[in-house]
Amino acid sequence: MPDNASNGILAAATPTAWIQTAAERWQEILIDHAYCEKKAASSALAFIFAYPELEQQNLALSRLAREELRHFEQVTRLMRRLGVPFTRLRPGRYASGLRAMVRTHEPARRLDLMLIGALIEARSCERFVCLAPHLPPAVGDFYAELARVESRHGELYLELAANAGDDWRERLAILAATEADLITAPDTELRFHSGPVRASVCSS
């Protein structure tokens, strides 16, 4: 298993400006968080269908998918309790920006997908930790607990990546640089994995 797990694989920290805006607009973050949990479960299931011959990987991803769906249920219940209505949101540029980096040939494609999974989980963990102290107690306590789980998910994806290619460290550095650009560059919409929102958007 790779050392350092999901901790330390990110190439840049979340900008303070994003944390400040997200704390002020935590209801929007909570809504997008629900979408993220559904997408995380969907991605794990997609890997199972894409690589049916990898039995041990698929058993681990099946457990991960169930856990992500439980998180979606928890977020939905929390939204209901806090009076946050579920609304449709347009996808941000984060996931599409990472997907654009995925190579199309195997086993490089599998390696890239697992490394991207590790980066997303690591970023989620970091943002839970950053946000938790600045949110209403019900949300902050929930996010503090989720940070521990997301770290474990990141460890799993990193372990799967190490099994998918000997050059995973070199490829991780390339993907981590792209991920860092996506979360530090100014963004037009606030999302759980967005960059800092431009001031003109924040004031609208």
Undergrad: Please round to the nearest 0.5 Å and tell me the distance separating atom CD of Gln27 and atom CE of Met79.
TA: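 One finds 10.0 Å between CD of Gln27 and CE of Met79.
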Undergrad: Given the rule that I, L, V, M, F, W and Y join up when any side-chain heavy atoms are under 4.5 Å apart, are Leu54 and Leu64 in one cluster?
TA: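 The answer is yes; both residues are in one hydrophobic cluster.
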Undergrad: With a sphere of 6.0 Å drawn around CG of Asp167, does it hold more than 12 non-hydrogen atoms of other residues, nucleotides or ligands?
TA: yes
Undergrad: Just so I know, are the side chains of Ile31 and Phe192 near enough to count as touching, which here means a heavy-atom distance under 4.5 Å?
TA: no
Undergrad: Return the OG to CD distance between Ser194 and Glu28, rounded to the nearest 0.5 Å.
TA: 10.0 Å
Undergrad: Does Val149 belong to the same Ile/Leu/Val/Met/Phe/Trp/Tyr cluster as Tyr143, with side-chain heavy atoms less than 4.5 Å apart forming each link?
TA: no
Undergrad: Taking Ser151 for the side chain and Ala147 for the main chain, is one N or O donor matched with an acceptor at less than 3.5 Å?
TA: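 No.
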Undergrad: Run Arg127 and Ile183 through side-chain contact (heavy atoms from CB on, under 4.5 Å) and show every step you take.
TA: CA-CA 11 Å; Arg127 292 204 157 176; Ile183 63 96; 3.7 Å; yes
Undergrad: Counting C-beta onward and ignoring hydrogens, is there a side-chain heavy-atom pair between Trp26 and Thr21 closer than 4.5 Å?
TA: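 No, too far: nothing below the 4.5 Å cut-off.
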Undergrad: Search all heavy atoms of Leu98 against all heavy atoms of Ile116 and return the closest pair with its distance.
TA: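 Shortest heavy-atom contact: O-CD1, 3.3 Å.
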Undergrad: Ignoring hydrogens, what is the shortest heavy-atom contact between Leu131 and Ala22? Give both atom names and the distance.
TA: CD2-CB, 3.7 Å
Undergrad: Between SG of Cys36 and CG of Leu30, what distance do you get to the nearest 0.5 Å?
TA: 11.0 Å
Undergrad: Do Gln56 and Asn163 come close enough that some side-chain heavy atom pair is under 4.5 Å?
TA: no
Undergrad: Side-chain contact test, heavy atoms from C-beta onward, threshold under 4.5 Å: evaluate it for Leu111 versus Arg103 and give yes or no.
TA: yes
Undergrad: What pairs of residues pass the salt bridge (charged side-chain N to carboxylate O under 4.0 Å, His left out) test when at least one of them lies in residues 134-145, not counting sequence neighbours?
TA: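 Sorted result for residues 134-145: Glu145-Arg148.
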Undergrad: Do any pairs count as a side chain to side chain donor-acceptor pair (under 3.5 Å) and have a residue in residues 68-78, sequence neighbours left out, and if so which ones?
TA: Glu68-His153
Undergrad: Run the side-chain donor-acceptor check on residues 41-50: report pairs under 3.5 Å with partners two or more places apart or on a different chain.
TA:
unit_1 : atom_1 : unit_2 : atom_2 : d
Ser43  : OG     : Lys39  : O      : 3.0

Undergrad: Can you tell if the side chain of Leu119 reaches within under 4.5 Å of the side chain of Leu172, non-hydrogen atoms only?
TA: yes
Undergrad: Can you find a pair of side-chain heavy atoms, one from Val75 and one from Phe142, that are under 4.5 Å apart?
TA: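 A side-chain contact under 4.5 Å exists here.
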Undergrad: Tell me the closest heavy-atom pair linking Ala40 and Glu121, and the distance in Å.
TA: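 Shortest heavy-atom contact: CB-OE2, 4.5 Å.
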Undergrad: When you look at Thr188 and Val197, which way does the side-chain contact (heavy atoms from CB on, under 4.5 Å) test go after all the steps?
TA: CA-CA 6 Å; Thr188 58; Val197 182; over 6 Å; no
Undergrad: Ring pair (Phe, Tyr, Trp, His ring centres under 6.0 Å) with Tyr35: which residues, sequence neighbours excluded?
TA: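 In terms of ring pair (Phe, Tyr, Trp, His ring centres under 6.0 Å), with neighbours along the sequence ignored, Tyr35 is linked to Phe86.
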Undergrad: Which pairs pass salt bridge (charged side-chain N to carboxylate O under 4.0 Å, His left out) with one or both residues in residues 50-64, sequence neighbours excluded?
TA: none
Undergrad: Does a side-chain heavy-atom distance below 4.5 Å link Pro186 with Pro196?
TA: no
Undergrad: I want to check a possible cation-pi pair here: Arg191 against Trp18, using under 6.0 Å from ring centre and within 45° of the ring axis as the test.
TA: no
Undergrad: Minimum heavy-atom separation for Ala34 and Phe72, please, with both atom names.
TA: O-CD1, 3.5 Å
Undergrad: Applying the 4.5 Å side-chain criterion to the ILVMFWY set and letting contacts propagate, would Ile174 and Leu158 be lumped into a single cluster?
TA: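 Same hydrophobic cluster.
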Undergrad: Using modelled atom types and a 3.5 Å cut-off, is there a donor and acceptor pairing between side-chain atoms of Asp32 and backbone atoms of Leu89?
TA: no
Undergrad: For residues Asp112 and Met101, report the shortest heavy-atom separation together with the two atoms involved.
TA: OD2-O, 3.5 Å
Undergrad: Scan for side chain to side chain donor-acceptor pair (under 3.5 Å) pairs involving residues 89-100, sequence neighbours excluded, and state none if there are none.
TA: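 Every side chain to side chain donor-acceptor pair (under 3.5 Å) pair that includes a residue of residues 89-100, provided the two are not neighbours, is Arg90-Glu189, Arg93-Asp187, Tyr94-Glu179.
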Undergrad: So does Glu126 pair up with Arg123, basic N to acidic O under 4.0 Å?
TA: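 Yes, this pair counts.
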Undergrad: Any side-chain donor-acceptor pair under 3.5 Å between Arg110 and Gln57?
TA: yes
Undergrad: Nearest 0.5 Å, what's the CG-CD distance between Leu160 and Glu155?
TA: 12.0 Å
Undergrad: For a quick test of reading the model, state the closest non-hydrogen atom pair linking Gly154 to Ala118 and the distance between them.
TA: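 Scanning both residues, the minimum pair turns out to be O-CB, 3.9 Å.
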Undergrad: In this structure, which one of His33, Glu37, Glu150, His193 forms a side chain to side chain donor-acceptor pair (under 3.5 Å) with Ser124?
TA: His193
Undergrad: Decide whether Leu10 and Val129 are clustered together by the hydrophobic rule: side chain heavy atoms of Ile, Leu, Val, Met, Phe, Trp, Tyr closer than 4.5 Å, transitively.
TA: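 No, it is not one cluster - the side chains of Leu10 and Val129 are not joined through contacts under 4.5 Å.
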